[in-house]
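Heads up: the structure comes next, in structure tokens.
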Amino acid sequence: MSERNIHCHACGRRHTFDGPIPREAVCDACASALKCCLTCRFHDPSAYNECSEPSAERVLDKDRSNFCDYHSPREQGAAGSQNDGAGDGARSELERLFGKK
């Protein structure tokens with residue numbers, strides 16, 4: 001079986017699993033669900049149902065464990081997580097343009 005890495009959407013902690021990530025898997029540090037939409041590479045807040053996988057069923061609670069067969073862990077932290085650094089460059093550019101520090 002291949003090794004899979006997944007990062008917690010809440011705290012960013014990395015977890016490693018041999019094989020598929022169990023539905024009941026939770027973060028050792030903060031007890032957040034690991035097999036949820038927010039840790040999936042298909043999670044996209046701008047897409048229909050916030051998922052870029054067109055065949056996936058709708059999931060309302062994006063931070064809770066679910067039975068989605070399309071779940072595939074992101075390579076790094078979840079989009080919008082506190083530790084992924086997304087948007088830092090854009091924020092810096094806006095602060096530079098508008099003179100805020």
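Numbers here are sequence positions counted from 1. Atoms considered below: every heavy atom in the structure, side chains included; atoms not considered: hydrogens, waters and symmetry mates. On a predicted model such as this, the values are computed, not experimentally measured, just so you know.
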Task: Euclidean distance, Asp18 CG relative to Ile21 CD1, rounded to 0.5 Å - done: 11.5 Å
Open item on the list: Given 3.5 Å as the limit, does a donor-acceptor pair link the side chain of Ser65 with the main chain of Arg23, or not?
Closed with: yes
Task: Reported CD1-to-OG distance for the pair Ile6 and Ser72, which is rounded to 0.5 angstrom - done: 9.0 Å
Open item on the list: So which atom in Arg13 and which in Ala29 form the shortest heavy-atom distance, rounded to 0.1 Å?
Closed with: NH1-CB, 3.5 Å
Open item on the list: Just so I know, are the side chains of Pro22 and Phe17 near enough to count as touching, which here means a heavy-atom distance under 4.5 Å?
Closed with: yes
Task: Heavy-atom pair of closest approach, residues Arg64 and Ala33 - done: C-CB, 4.1 Å
Task: side chain to side chain contact (heavy atoms under 4.5 Å, CB included) partners of Arg14, counting only residues at least two apart - done: Asn5, His7, Thr16
Task: Set of residues satisfying side chain to side chain contact (heavy atoms under 4.5 Å, CB included) with respect to Ser32, sequence neighbours excluded - done: Cys8, His9, Ala10, Cys30
- [ ] Measure from the side-chain N and O atoms of Arg41 to the backbone N and O of Pro73, and report whether any donor-acceptor pair falls under 3.5 Å.
- [x] no
Show which side-chain atoms of residues 52-63 pair as donor or acceptor with protein atoms under 3.5 Å away, not counting sequence neighbours.
{"unit_1": "Ser52", "atom_1": "OG", "unit_2": "Phe42", "atom_2": "O", "d": "3.1"}
{"unit_1": "Glu53", "atom_1": "OE2", "unit_2": "Ser55", "atom_2": "N", "d": "3.1"}
{"unit_1": "Lys62", "atom_1": "NZ", "unit_2": "Asn49", "atom_2": "O", "d": "2.9"}
{"unit_1": "Lys62", "atom_1": "NZ", "unit_2": "Val59", "atom_2": "O", "d": "2.6"}

Open item on the list: Show, in sequence, the C-alpha distance, side-chain angles and deciding distance for Cys11 and Cys27, and conclude whether the side-chain contact (heavy atoms from CB on, under 4.5 Å) test is met.
Closed with: CA-CA 9 Å; Cys11 72; Cys27 178; 3.6 Å; yes
Task: Evaluation steps, side-chain contact (heavy atoms from CB on, under 4.5 Å), between His15 and Thr39 - done: CA-CA 12 Å; His15 300 271; Thr39 61; over 6 Å; no
